[in-house]
Amino acid sequence: MIRIYILDENEKDRLDISQYLVLFEYDVTAYLTSDEFLTALNRKIPDVAIISLDMSDTDGFQLLKTMKQKYDFPVIVITEKKSESDRILSFELGCEDYLIKPISKKELVLRINVIFRRMFREEGSEDHNLHTWKLRNSQLTQNTKSHKFSLDGEPLELTNAEWRVLSYLSTNAGILLTREQIIDNCFDYRSDSYDRIVDTHIKNIRKMLGSYAQEWIETVRGYGYRFSGQPVKI
């Protein structure tokens, strides 16, 4: 059974979401405070977490940052914060999705299902080979079985969304890709700010690609991005 943790101090929202998700046979546990939530994470991590940024006992952004530094599971943010800067920051800190209150519980379930369909599809792939690309004297390696990328032997700490973006770019090495193509192939739905979110994911990925980051992923102004690594047969 899929395990979901919810953190929200708003009692109505917490109960409404919990009771609705239980109808879909998810194993749901809801928490009122960030301390309770973090204690639960130390005992057992969930398959996905739904957290409110609007907590009075902690800074929601700092909580998200702390979680993503220590754990690797999808996080859906729910919040009353409507600004694009808050949305972008949340994605920069590693959230998988961002929903503004009042949220549609039906939409929430659909987005949870999208996350798990993608995860199961990736885990069930029969292609478990290593894939490698070279650029100058650097080497980028993807392991589709372990769901990891490494640069010159050092693992890259990618979020799920960043993994999908880098996988799509590297699989299409040398091909100029628009933001729309990246959105359509890496995400299962659209948002008004997704063009900016693609740029944010690219910026985060480049931070991990060393001194040749701008060459690994080339920006073609007014069009999109091109991955410039050369595929290497293993």
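For Lys65, the NZ atom sits in a loose shell: 12 or fewer heavy atoms of surrounding residues, nucleotides or ligands are nearer than 6.0 Å.
Pairing each heavy atom of Leu209 with each of Trp216, the nearest pair is O-CD1, 3.6 Å. Residues Tyr168 and Ile182 come closest through the heavy atom pair CE2-CA, 4.0 Å. For Glu9 against Asp57, the heavy-atom pair with the smallest separation is OE1-N, 4.3 Å. In terms of heavy atoms, Asp86 sits closest to Phe61 at OD1-CZ, 3.5 Å. Heavy-atom minimum distance, Pro74 versus Ile115: CG-CG2, 3.7 Å. The minimum heavy-atom distance linking Met55 with Ser34 is given by the pair CE-N, 4.1 Å.
In this structure the side chain of Gln139 never reaches within 4.5 angstrom of the side chain of Leu151, judged on heavy atoms. Side-chain contact between Ile112 and Leu21: present, with at least one pair of heavy atoms (C-beta onward) separated by less than 4.5 Å. Between His201 and Ile197, the closest side-chain pair of non-hydrogen atoms falls below 4.5 Å. Within the 4.5 Å cutoff, side-chain heavy atoms of His131 are placed close to those of Thr144. The side-chain heavy atoms of Ile17 and Ile103, taken from C-beta on, include a pair separated by under 4.5 Å. In this structure, Ser52 and Leu7 have side chains that are not in contact, with every pair of non-hydrogen atoms separated by 4.5 Å or more. Side-chain contact check for Lys148 versus Pro155: every heavy-atom pair is 4.5 Å or farther apart. Using a 4.5 Å heavy-atom cutoff, the side chains of Ile78 and Ile51 are not in contact.
Paired with Thr141 under the rule side chain to side chain contact (heavy atoms under 4.5 Å, CB included), one option of Asp152, Val232, Leu156, Thr132 passes, and it is Thr132.
Checked by atom type, the side-chain pair Tyr26/Asp47 shows no donor-acceptor distance below 3.5 Å. For Asn42 and Tyr71, the side-chain atoms include at least one donor-acceptor pair closer than 3.5 Å.
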Q. Given Asn160 and His147, is the side-chain contact (heavy atoms from CB on, under 4.5 Å) satisfied, shown in steps?
A. CA-CA 9 Å; Asn160 291 324; His147 208 260; 4.1 Å; yes
(Q) Thr219 vs Arg206, test: side-chain hydrogen bond (donor to acceptor under 3.5 Å, both in side chains). Steps then yes/no. (A) CA-CA 11 Å; Thr219 299; Arg206 280 174 169 163; 2.6 Å; yes
Q | Test log, rule side-chain contact (heavy atoms from CB on, under 4.5 Å), inputs Cys95 and Leu64 | A | CA-CA 7 Å; Cys95 82; Leu64 179 59; 4.1 Å; yes
Q | Audit row: Val165, Ile205, side-chain contact (heavy atoms from CB on, under 4.5 Å) steps and yes/no | A | CA-CA 9 Å; Val165 171; Ile205 293 168; 3.9 Å; yes
(Q) Does Phe73 form a side-chain contact (heavy atoms from CB on, under 4.5 Å) with Leu41? I'd like the steps, not just the answer. (A) CA-CA 11 Å; Phe73 56 81; Leu41 290 184; 3.8 Å; yes
Q: Take Ser167 and Gln142, measure what side-chain hydrogen bond (donor to acceptor under 3.5 Å, both in side chains) needs, and give me the verdict at the end.
A: CA-CA 8 Å; Ser167 295; Gln142 178 193 36; 3.0 Å; yes
Q) Given Asp199 and Tyr225, is the side-chain hydrogen bond (donor to acceptor under 3.5 Å, both in side chains) satisfied, shown in steps? A) CA-CA 10 Å; Asp199 294 340; Tyr225 297 98; 2.6 Å; yes
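A salt bridge links Glu96 to Arg164: one of the charged nitrogens lies within less than 4.0 Å of a carboxylate oxygen. Salt-bridge check for Lys101 with Asp8: passed, with a basic side-chain N closer than 4.0 Å to an acidic carboxylate O.
Side-chain N or O atoms of Asn143 include none that pairs as donor or acceptor with a backbone N or O of Leu130 at under 3.5 Å. When atom types are taken as modelled, the side chain of Trp133 and the backbone of Ser170 share a donor-acceptor pair closer than 3.5 angstrom. The main-chain N or O of Ile76 is never found under 3.5 Å from a side-chain atom of Asp97 such that the two would form a donor-acceptor pair. The backbone N or O of Asp13 sits less than 3.5 Å from a side-chain atom of Asn10, completing a donor-acceptor pair. A donor-acceptor pair under 3.5 Å is formed between the side chain of Thr79 and the backbone N or O of Lys81. Using a distance-only test at 3.5 Å, with no hydrogens or angles considered, a donor-acceptor pair links the side chain of Gln181 to the main chain of Thr178.
Taking CZ of Phe91 as the start and OG1 of Thr159 as the end, the distance is 9.5 Å to the nearest 0.5 Å. With rounding to the nearest 0.5 angstrom, the CG atom of Asn113 is 8.0 Å from the CZ atom of Phe24. Of the inter-residue distances, the one linking Lys44 atom NZ with Thr29 atom OG1 reads 10.0 Å to the nearest 0.5 angstrom. With values rounded to the nearest 0.5 angstrom, Phe37 atom CZ is found 6.5 Å from Leu63 atom CG. Considering CG of Leu166 and SG of Cys186, their distance stands at 9.5 Å, rounded to 0.5 Å. Distance check: Lys207 NZ to Glu92 CD gives 6.0 Å after rounding to the nearest 0.5 Å.
The cluster map of Ile, Leu, Val, Met, Phe, Trp and Tyr, joined by side-chain heavy atoms under 4.5 Å apart, puts Val114 and Leu110 in different clusters. Linking ILVMFWY side-chain heavy atoms closer than 4.5 Å, directly or via other members, places Leu32 and Tyr5 in two distinct hydrophobic clusters. There is no path of hydrophobic side-chain contacts, each under 4.5 Å, that joins Val220 to Ile183. Put simply, Leu15 and Ile6 are part of two different groups of oily side chains (I, L, V, M, F, W, Y) that touch within less than 4.5 Å, one to the next. Following chains of ILVMFWY side-chain contacts shorter than 4.5 Å, one can reach Leu108 starting from Phe116, so the two form part of one hydrophobic cluster.
Residues meeting the side-chain hydrogen bond (donor to acceptor under 3.5 Å, both in side chains) test with Glu157, sequence neighbours left out: none. Evaluation of the side-chain contact (heavy atoms from CB on, under 4.5 Å) rule for Glu107 yields Leu99, Ser104, Arg111 as partners, not counting sequence neighbours.
Pairs engaging residues 15-39 under the salt bridge (charged side-chain N to carboxylate O under 4.0 Å, His left out) rule: Lys12-Asp16 [sequence neighbours left out].
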